[in-house]
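Here the structure is a predicted model, which is why all the values come from computation and not from measurement.
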Amino acid sequence: MPGSESNSINAAAEKQVVTVALLTTTDFDATTVDHTKVRFEGASETHIDRLIGEVRRHEQDLDDDGDLDLVLHVRVGETRLDASSTAGTVTGETYDGMLIRGTDAVNVLVIG
């Protein structure tokens, strides 16, 4: 979750949208990732372009390093996260077919 060191997610807020980022580094260009194939704990991008019915792409320089990063928005209730989860995993594929996988710590709360 960009801008959050704790990556806190409220598992009880099923309709809550959380932001997940794939950051571009010197070894990885996040803009080469096919956003339609990215999943965070099983959930896909929640924003759909209503005109064409396809998943919207979000690119932004989230870490202020001058490189574009790929941003994903998912609904908590569509993920596999629960109160016992301590990590969240992103999977996907680049446009040229390379599989990607990344994991980061999450702090799952149950409030409400």
Rounded distance [0.5 Å steps], [atom1] in [X] versus [atom2] in [Y]:
X: Ile9; Y: Ile111; atom1: CD1; atom2: CD1; answer: 12.0 Å
X: Ile100; Y: Leu22; atom1: CD1; atom2: CG; answer: 5.0 Å
X: Leu72; Y: Arg57; atom1: CG; atom2: CZ; answer: 11.0 Å
X: Leu99; Y: Thr94; atom1: CG; atom2: OG1; answer: 8.0 Å
X: Thr32; Y: Met98; atom1: OG1; atom2: CE; answer: 6.0 Å
X: Thr46; Y: Gln16; atom1: OG1; atom2: CD; answer: 12.0 Å

Grab the two heavy atoms, one from [X] and one from [Y], that are nearest each other, plus how far apart they are.
X: Leu68; Y: Ala30; value: O-CB, 4.5 Å
X: Arg56; Y: Asp49; value: CG-N, 3.4 Å
X: Asp63; Y: Asp65; value: OD1-OD1, 3.0 Å
X: Asn7; Y: Ala105; value: ND2-O, 2.8 Å

Do the side chains of [Y] and [X] get nearer than 4.5 Å, heavy atoms only?
X: Leu81; Y: Val76; value: no
X: Thr36; Y: Glu54; value: no
X: Ile48; Y: Val55; value: yes

Verdict with reasoning, Tyr95 to His35, per side-chain contact (heavy atoms from CB on, under 4.5 Å): CA-CA 9 Å; Tyr95 287 113; His35 65 290; 3.5 Å; yes
Donor-acceptor contact below 3.5 Å, side chain Gln60 vs main chain Leu62: no
Check: His73 main-chain N/O paired with Glu45 side-chain donor or acceptor under 3.5 Å: yes
Common cluster, Val20/Phe28, ILVMFWY with side-chain heavy-atom separation under 4.5 Å: yes
Pairs where residues 24-39 contributes a residue and the test salt bridge (charged side-chain N to carboxylate O under 4.0 Å, His left out) is met, not counting sequence neighbours: Lys37-Glu93
Selection residues 69-85 - residue pairs positive for salt bridge (charged side-chain N to carboxylate O under 4.0 Å, His left out), sequence neighbours left out: Glu41-Arg80
